[in-house]
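A note on names: the letters A, B, ... follow the listed sequences, proteins ahead of strands, and every chain is numbered from 1. Below, each value reflects all heavy atoms present in this structure, side chains not excepted, and no hydrogens, waters or symmetry copies.
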Amino acid sequence: MADVDDFDSLSNAELRAKMLAQGLPNIPVTDSSRKVLVKRLRASIGGQSSPAGSPKKSSRRETLAPVASAPAAASTPVDKLDGNKVAPATKARRTIAATEAKEAERRRPEEPVVADRRRNEEPVVADRRRNEEPVAARKPLPAAAPQIQTRRASTTSTGSQSKPVEPVKPVKKPQTIAEEPAPSKRTDREDNYLKVNSLIVLESDEEEDEQLAQAANLVEQQHAAREKASSKLASSGTTTYEYKSRLVEHPRQQVYEASAAPVLPPSVPSARPLATSSTRSYDYQPSNPLPGRYSSFVRTAAQGYVTAEAPPLPSYSSPSYQRTYANELSDENEAEESRYESTFAQNLARLRAERLGDRSSPYSRRTLARGSASSASSGSLGYEPRPRRSLRPDENSVSVAFGRWCNSLEQKYHIKSKLFIVLVVVLLIGIYSIFY
Amino acid sequence: MSGTSQKYRNFVAEPMGNKSVTELAGIGETLGGRLTEAGFDKAYTVLGQYLVLKKDEELFKDWMKEVCNASSKQASDCYNCLNDWCEEFL
């Protein structure tokens, strides 16, 4: 009862702090709600004190009582315990009758266990059950069911606080504890769920990250090798030939790609959905001519590596500049959104990107030419400049789409032959007009 | 659970506005008088208390019993009334 006095003298803020410390829900303590909250706090801290001192708990018994015969004085604490437990656990509306039915269902299977426990703790209740009719027997059971729940929780949380204060009433203590386990379980589930999701995300990034790390290492190695004028550069030349030639063909993108390469890791996961088995085959050739924001993502470590190889370039070749440039180009949000876009929307975005890239094409061509020439002269390291799978689809954008479109037209209308004829006719007309 | 009372249906059917506390299901003249003495003269004041207690059924019923000596059934009726009203209009 000393605890009760303390609570009455506490301020609202202190009471709320105590409730939080006790694991009770964070409910604002006001003058109007203070009494109710103090009762609940007492019930949670010492299971014994709350049932005996609080009139409310007796009223809860009353609610149960109409269904079955009136319980004895000893049974009252059990009912209180039930009420406390049930309230936090289920917030769904219940009428009194409904709650009793639910409790009865729960209790029946658990009756034997509960009965054994109670017999030790509360012989009065046990005797009552045996003597009374089946209806009466149900009443004590509901009280027992909540106890079982509380006992699980009680071992962990309440044992420390309640036991030293009042060791005499073991049954009540576990009940008060029961409230705490429910919220903790929820949080645990959520945490686990989050952990699982986070793990999945991490796993998805691993491959690409590894590739990026590889590419970055290669670039760094190459850069160091050049500076030192080591012999390593000469050895790796053969593997990269094809790639370099492509670069020469489509010099525009190189600038973007090279710059984007170091930044790629964050954007990689988002770009994945775009990559499909069909697109991969096309990726390398068509992707190069396509500039634009998507294309900037497309070129992964490989291209970045190539540009990095070119030491002669004054400002652009430095790795730091490239990274910053790539950062500016990278737009993770758009890449993520692209997952959910339809193929049509994706193609549209590519086309737009192409146009933008074409405008800046002259500038990019110069840089590409330098990069390719430098890379060819210096020779490439063993690393093959392949873009990530996820990034590849972006590369396809303009040139690939255009090629497909031409192929489809060719198949349908045999345009090439007709175009050839038209060209010849136009030439003839032109020649005719020139001479006459 | 028996069917809902007419008082309950009337209250849940529309926004409470400035309805008196006695319009709440489970609260008659007697309980209404006690609530009014305690400062809860309007239904929305009781709703406010219900919300302050974070819609906790057990706490609200205990509060009802504490403030106006409501029976378990009266407290339960009032709780159901407010809870359903909140689901409808809050």
Side-chain angles (χ1 to χ4, degrees), chain A residues 12 16 19 24-44 50-51 54-67 79-102 146 175 178-179 182-183, chain B residues 1-5 7-9 11-12 21 24-26 31 34-42 44-88 90:
Chain A
N12 290 342
R16 184 168 159 276
M19 287 183 64
L24 294 176
N26 183 11
I27 294 178
V29 179
T30 64
D31 291 342
S32 59
S33 63
R34 182 185 176 93
K35 285 187 177 180
V36 178
L37 295 177
V38 166
K39 285 181 182 177
R40 174 168 280 197
L41 181 57
R42 286 173 189 163
S44 66
S50 62
S54 64
K56 297 176 181 178
K57 294 175 181 178
S58 63
S59 64
R60 291 175 190 170
R61 291 183 202 168
E62 293 174 359
T63 58
L64 295 177
V67 178
D79 292 343
K80 293 176 180 179
L81 295 174
D82 293 346
N84 290 339
K85 295 174 181 179
V86 173
T90 60
K91 291 184 178 180
R93 326 164 196 164
R94 303 178 219 146
T95 59
I96 299 173
T99 57
E100 291 176 355
K102 293 178 181 177
Q175 295 173 350
E179 295 176 356
Chain B
M1 180 179 180
S2 61
T4 56
S5 67
K7 200 175 180 183
Y8 164 90
R9 274 175 270 149
F11 188 85
V12 173
V21 69
L24 283 166
L31 293 187
R34 292 173 189 164
L35 281 172
T36 302
E37 287 180 9
F40 298 92
D41 55 342
K42 298 292 186 182
Y44 58 74
T45 59
V46 178
L47 172 68
Q49 186 61 40
Y50 162 82
L51 294 176
V52 164
L53 295 175
K54 296 198 171 179
K55 302 182 179 180
D56 187 302
E57 180 178 5
E58 198 68 22
L59 282 176
F60 180 77
K61 288 180 180 176
D62 283 351
W63 175 82
M64 286 286 294
K65 294 168 189 171
E66 180 79 25
V67 169
C68 59
N69 290 326
S71 69
S72 294
K73 182 176 188 317
Q74 290 166 330
S76 179
D77 287 346
C78 185
Y79 170 82
N80 289 331
C81 182
L82 286 174
N83 194 34
D84 292 351
W85 185 93
C86 284
E87 286 185 3
E88 186 72 21
L90 195 60

- Item | Closest non-hydrogen atom pair between B:Leu53 and A:Ile27, with its separation |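 Here B:Leu53 and A:Ile27 meet closest at O-CD1, 3.9 Å.
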
Exercise. Is chain A contacted by the side chain of B:Phe40, its backbone, both, or neither, given a heavy-atom distance below 4.5 Å?
Worked result: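 Side chain only.
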
Checklist entry - Is there side-chain contact between B:Leu59 and A:Lys39, with at least one heavy-atom pair below 4.5 Å? => result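 B:Leu59 does not reach A:Lys39 side chain to side chain.
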
- Could you tell me whether the side chain of A:Lys35 and the main chain of B:Asp62 form a donor-acceptor pair under 3.5 Å?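 Not confirmed, A:Lys35 side chain does not pair with B:Asp62 backbone.
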
Has B:Trp63 got a side-chain atom pairing as donor or acceptor with A:Ser32's backbone, closer than 3.5 angstrom?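 Side chain of B:Trp63 to backbone of A:Ser32: a pair is present.
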
Applying side chain to side chain contact (heavy atoms under 4.5 Å, CB included) to B:Gln49 and A:Val36, what does each step give before you reach the verdict? CA-CA 12 Å; B:Gln49 186 61 40; A:Val36 178; over 6 Å; no

Under the side-chain hydrogen bond (donor to acceptor under 3.5 Å, both in side chains) test, residues paired with A:Asn12 that sit two or more places apart: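 Checked A:Asn12 against side-chain hydrogen bond (donor to acceptor under 3.5 Å, both in side chains); matches are A:Asp31, A:Arg34.
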
